[in-house]
Amino acid sequence: MIRIAQKLEGEEAHFFYWAPVFFGLGIVFYFFLPQEPSLKITLWSVGTTLAFSFYLWHLAKRTDLLWYRRIGYALALIALGFFNIKYKTDRLSTPQLLGQIGYSKFEGTIENIQRLPRGTRVILEDVTFTKKMRKYLPIPTKIRLTLKGRLQPDSLLMPGQRVHAIGSLRPPSPPITPGSYDFRQRAYFQGIGAVGYALAPLELIKKPSNIKKKSFVTKIRHGIAKFRTKLTDLMRKNIPGQSGAIMAALVTGDRSGIKEKTRQAFADPGIAHILAISGLHLSLVAGLIFLLIRGVLSFIPFLSLNYNIKKIAAGIALLFTLAYLIVSGMTIPAQRAFIMTGLILLAVMVDRIALTLRNVSLAALLVLIFIPDALMGPSFQLSFAAVIALVAFYEKTNRWLSFSYAKAGDSRFPLLRKGSIYITTLLISSLLATLATMPFTIFTFNRFSLVALVTNLMAIPLMSFVLMPLIVLSLLLTIVFGPLALTFLSSPLSLSLEGLQHLSFWGQSLPGAIILVPAIPVFLKVLCILGLIWMAFMQTSWRFYGLIPISLSVFLLLFVKQPDVFIPQDQNLMGFYDQQTKKAWTNTNQSGRFARKSWLQQIALKNHTKISDKNRNPNFRKIDADCYHIACKNCFIDINHTSRKRWRRKVNYIFLNLRKNGESIDITPLDFRKKGGHFIFIDKTKIQIKTVKQTLGNRPWSLWYKK
């Protein structure tokens, strides 16, 4: 006990590191509930937990037991995190469509416009329908509308304008496969209640009626969105091709103009983070502005002799960084990076050191308080995983780096020595960031890259010393001289952006650029993440205990079984995974492309084979035009697949009969409509069926939600 008490005292000064972890555990617990808790039960549970935590804190004060106090703090933070996300869910109460509307007229205010490579995506808010909707059905107030071909709006339409639209609407899509990405949940927390396609061009309403007056905050929000749209169009116009789309992504955060082929080229070799505004971009902007302002002020004797120009430059750099954050769209990584960069600049102004894990924890806690649902997104996880690893490394090696730089300045070749230290630090930083984000990349995208270290070592210096200085210079000159300055710098910008693209495609072609990994169960993800956090935050020898949950999660991963049969909700595809040959077989190559892609990603396969007379599988046979038979592990599945035309569109119906050891299970089209896509697992003794509805539970963003 004495030894444990000594260890606890050693961790006492670093307990704040765990504040966002416990707060986040409350959020995770909420999302993993199978049933939406009522407000009454939530208040009772949270109140009881807070009372018990206060009792433990009071008991620890009387008995001087540190364990009780820490447990009390942890329980209080978990309860507050749970209440925070529950409060936001109830406050939003986003109304989402339950079925498809083939033709509908409505009005809405443009919130955002994204110019896609093959169309335009418009988000409309404050939507009102021309025709009265049924009162007992949820009526969406925010819609995402896609316009293609001649229906695309001209450049005169801007955020803040009221428009009339005619479109075909449908509910936001639930997960295609059990455990896959839930777009409907994301749409719920974005306030989006329907998605669809326009059937006619948008018509501007010059004098909108029956609409409440815009608030001051709404006017500012629309003004910022309008400025971002104009700036994005300006960059795409002056810098041709994908280079303009990439520059727009680096400045305004609008990646809609980047083609899927280009995005994949950046993702495969592990440099997709360059396209998402994060700590790298904000720190470069802050550092460049700081050096530029400090250099200019040093040439003014009155200021340099009478004032601390270092603090003045830090203050101006902070304002520019805030402006960049607003223009970039205020994404989760950008907000985290601004908090960290802002703390560093403020520390410069008050002569303090700010790059610590305490400030990383503070940034994470602030993000989770204001945007609790961000915890479940890859942006939050990847961003904080990288920065925690880097700051933890910096804290341990800060003295060594300072001593090395000071010693290099007194050496015979100072520039060469400092350059070698920089390259070594960059190599270690890239390695740490790659290793720290690798588990989250595997969990989210079912893949990782073996060439990420090499490509990052080439891409980051290109960004740091060439591309970002040119972008900052072009923006400053554009502010002073107008769009003509951007035209003047278009050639060097295009050259550097094309170099970045060539690097991404080269990295994609290297062997080991894409390593596919099967889908990992949620409890193994949580187990591994907690082990990584334990190793990062613990300061004593206890940190090595984090290897236990990490090793356990890797060991249990060997026993994860992949589904034998997959059928999506719309029943337009049948997929069979042969466990012996490790090959995927389908009944069609035409329909169900997105569902097939999602299924192949989960079982870590690139290609599939269509069952036909030429391509035969003894376990998956086509009996006739509408009937298939699967024989797997003494289990027999008869699949009857028919297609009918309904309301001028093709509707698929699948009837399944599963037989094993005398047990028979029937799955009808009604089961697919009520439960979503199906996974069928077959082992030696039983048949297990896993549906999308089972993985989602009865939650407000679920298509099958019942209060």
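Everything numeric here is computed off the predicted structure, so don't read it as measured data.
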Indicate yes or no for a side-chain donor-acceptor contact from Gln601 to the backbone of Phe445 under 3.5 Å, with no hydrogens or angles considered. yes

Would you name the heavy atoms of Pro171 and Leu703 that are closest together and state the gap between them? CB-CD1, 4.1 Å

Check for me whether Arg170 meets the cation-pi criterion with Tyr197, that is, NZ or CZ under 6.0 Å from the six-membered ring centre and within 45 degrees of the ring axis. no

If you apply the rule ring-ring contact (aromatic ring centres under 6.0 Å, His included), what do you find for Trp599 with Tyr577, and how did you get there? CA-CA 10 Å; Trp599 171 56; Tyr577 179 59; 7.4 Å; no

Charged N to carboxylate O below 4.0 Å: is that the case for Lys142 and Glu125? no

Is the backbone of Trp701 close enough, under 3.5 Å, to the side chain of Arg184 for a donor and an acceptor to pair up by distance? yes

If you take all heavy atoms of Ile101 and Leu97, which pair is closest and at what distance? CD1-CD2, 3.9 Å

Sub-3.5 Å donor-acceptor pair from the side chain of Ser598 to the main-chain atoms of Phe594, do we have one? no

Which atoms form the tightest heavy-atom contact between Ile611 and Asn587, and what is the distance? CG2-CA, 3.9 Å

Under 4.0 Å between a side-chain nitrogen and a carboxylate oxygen: does that hold for Asp268 and Arg447? yes

Heavy-atom count around Gln35 CD within 6.0 Å, excluding the residue itself: above 12? yes

Under the side-chain contact (heavy atoms from CB on, under 4.5 Å) test against Glu111, which residue among Ile123, Val122, Ile143 passes? Ile123

With no hydrogens and no angle check, is any side-chain donor or acceptor of Tyr30 less than 3.5 Å from a backbone partner on Pro37? no

CD1 of Ile680 to CG of Leu658: how many Å apart, nearest 0.5 Å? 5.0 Å

Where the side chain of Asp671 meets the backbone of Thr668, is there a donor-acceptor pair that is under 3.5 Å apart? yes

As a test of understanding, state which of Phe23, Tyr87, Phe29, Phe32 forms a ring-ring contact (aromatic ring centres under 6.0 Å, His included) with Phe82. Phe29

Is there side-chain contact between Ile139 and Pro95, with heavy atoms separated by less than 4.5 Å? no

Do Leu25 and Phe22 make a side-chain contact, defined as non-hydrogen atoms from C-beta onward lying under 4.5 Å apart? yes

Side-chain donor/acceptor of Ser591 to backbone N/O of Asn572, under 3.5 Å: yes

Arg118, CZ: over 12 other non-hydrogen atoms inside 6.0 angstrom: no

Please check: side-chain N/O of Gln381 versus main-chain N/O of Leu375, any donor-acceptor pairing under 3.5 Å? yes

Correct closest heavy-atom pair for Thr691 and Pro178 would be C-CG, 3.7 Å

Take a 6.0 Å sphere around CZ of Arg659 and say whether it holds more than 12 heavy atoms from other residues, nucleotides or ligands. yes

I'd like to know if Asp90 and Lys86 make a salt bridge, using a cut-off of under 4.0 Å between side-chain N and carboxylate O. yes

Where do Phe620 and Val565 land on the side chain to side chain contact (heavy atoms under 4.5 Å, CB included) test, with the steps shown first? CA-CA 10 Å; Phe620 184 24; Val565 180; over 6 Å; no

May I have the step-by-step check of side chain to side chain contact (heavy atoms under 4.5 Å, CB included) for Lys88 and Asn84, ending in yes or no? CA-CA 6 Å; Lys88 181 173 182 178; Asn84 189 36; 5.7 Å; no

Using a distance-only test with no angle check, is there a side-chain donor-acceptor pair under 3.5 angstrom linking Asp564 and Gln579? yes

Assess the pair Tyr545 and Trp534: is the distance between their ring centroids shorter than 6.0 Å? no

Arg699 side chain to Phe31 main-chain N or O, any donor-acceptor pair under 3.5 Å? yes

Chi angles and distances behind the side chain to side chain contact (heavy atoms under 4.5 Å, CB included) call for Leu77, Leu75: CA-CA 5 Å; Leu77 287 169; Leu75 290 175; over 6 Å; no

Pairwise side-chain contact, Phe679 with Gln602, heavy-atom cut-off 4.5 Å (strictly under): yes

Flag, side chain of Asn619 to backbone of Cys632, donor-acceptor distance under 3.5 Å: no

Working for side chain to side chain contact (heavy atoms under 4.5 Å, CB included), residues Val21 and Phe537: CA-CA 10 Å; Val21 177; Phe537 285 169; 3.7 Å; yes

Closest non-hydrogen atom pair between Gly102 and Leu199, with its separation: O-CD1, 3.8 Å

Could you measure the distance from the CG atom of Asn446 to the CG atom of Leu516? Nearest 0.5 Å is fine. 8.5 Å

Is a side-chain donor or acceptor of Thr455 paired with a backbone partner of Pro269 at a separation under 3.5 angstrom? yes

CD1 of Ile682 to CZ of Phe636: how many Å apart, nearest 0.5 Å? 10.5 Å

Where His641 and Gln571 come nearest, the two heavy atoms and their spacing: NE2-O, 3.5 Å

Validation row: Phe83, Pro372 side chains within 4.5 angstrom (heavy atoms): no

Do Cys627 and Asn640 have side chains that approach each other closer than 4.5 Å (heavy atoms only, starting at C-beta)? yes

Is any side-chain heavy atom of Thr89 closer than 4.5 Å to one of Glu36? yes

Determine whether more than 12 heavy atoms belonging to other residues, nucleotides or ligands lie under 6.0 Å from atom NZ of Lys675. no

I need the Ser702 OG to Lys693 NZ distance, nearest 0.5 Å. 7.5 Å

Is any side-chain heavy atom of Thr331 less than 4.5 Å from a side-chain heavy atom of Ser379? no

Has Lys561 got more than 12 heavy atoms of other residues, nucleotides or ligands less than 6.0 Å from its NZ? yes

Side chains of Asp578 and Asn617: closer than 4.5 Å at any heavy-atom pair? yes

